[in-house]
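Scope of the values below: all heavy atoms of this structure, side chains included, with no hydrogens, waters or symmetry mates.
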Amino acid sequence: MPIAVDIDVMLAKRKMSVGELAERVGITPANLAVLKNGRAKAVRFSTLAALCEVLECQPGDLLRWEPEGAADPTPDSTPDSTPDSRAGSTMA
């Protein structure tokens, strides 16, 4: 997908857990994980605004555009309690 999500980067900078962020934003940890791992098809502006408020950042700090087929230059280095779902995916 040409839109990359860098929520994990901001979480690391703020030393905040996914669970804490989800609670403070008002979404489920599962829905935040879908967004964080780049599997979401859409995000509400109200959710994006809440993420920016809690993380004290701009939307561009959380989302960036990448050309189709480009390798992810910032692999998810944040430990997660679930297996990385991207391991079996293929690039278009």
Side-chain angles (χ1 to χ4, degrees):
M1 174 178 274
I3 302 297
V5 182
D6 290 328
I7 291 175
D8 54 340
V9 174
M10 291 306 297
L11 283 170
K13 286 182 180 179
R14 302 297 188 250
K15 296 183 168 99
M16 188 181 297
S17 70
V18 172
E20 180 183 353
L21 179 60
E23 183 178 326
R24 291 178 62 183
V25 169
I27 62 176
T28 66
N31 283 340
L32 181 57
V34 166
L35 181 58
K36 181 176 98 51
N37 294 323
R39 294 188 314 261
K41 299 294 181 197
V43 61
R44 291 183 179 163
F45 280 171
S46 59
T47 302
L48 183 58
L51 287 166
C52 290
E53 182 178 352
V54 171
L55 293 170
E56 298 177 349
C57 66
Q58 294 296 314
D61 296 325
L62 302 177
L63 304 172
R64 64 186 153 79
W65 176 82
E66 290 183 346
E68 283 287 340
D72 187 1
T74 55
D76 187 3
S77 60
T78 306
D80 210 12
S81 60
T82 59
D84 189 56
S85 62
R86 294 177 295 171
S89 66
T90 60
M91 303 225 32

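The line from CD1 of Ile7 to CG of Asp61 is 11.5 Å long, rounded to the nearest 0.5 Å. Of the inter-residue distances, the one linking Lys36 atom NZ with Leu21 atom CG reads 10.5 Å to the nearest 0.5 angstrom.
Summarising the geometry of Cys52 relative to Pro59, their closest heavy-atom pair is SG-N, 3.5 Å, with the distance given to 0.1 Å.
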Please tabulate, for side-chain N and O atoms in residues 43-50, each donor-acceptor pair with protein atoms closer than 3.5 Å (sequence neighbours left out).
none

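The side-chain heavy atoms of Leu32 and Val25, taken from C-beta on, include no pair separated by under 4.5 Å. Side-chain contact check for Val5 versus Leu63: some heavy-atom pair is nearer than 4.5 Å.
Every residue meeting the side chain to side chain contact (heavy atoms under 4.5 Å, CB included) condition with Thr28, not counting sequence neighbours, appears here in chain and number order: Ala30, Asn31. A search for salt bridge (charged side-chain N to carboxylate O under 4.0 Å, His left out) contacts involving Glu23 returns nothing, not counting sequence neighbours. Under the side chain to side chain contact (heavy atoms under 4.5 Å, CB included) criterion, Arg14 pairs with Met10, Met16, Leu55, Glu56, Cys57, sequence neighbours left out.
Under the 4.5 Å side-chain contact rule for hydrophobic residues, Val18 and Leu51 share a cluster.
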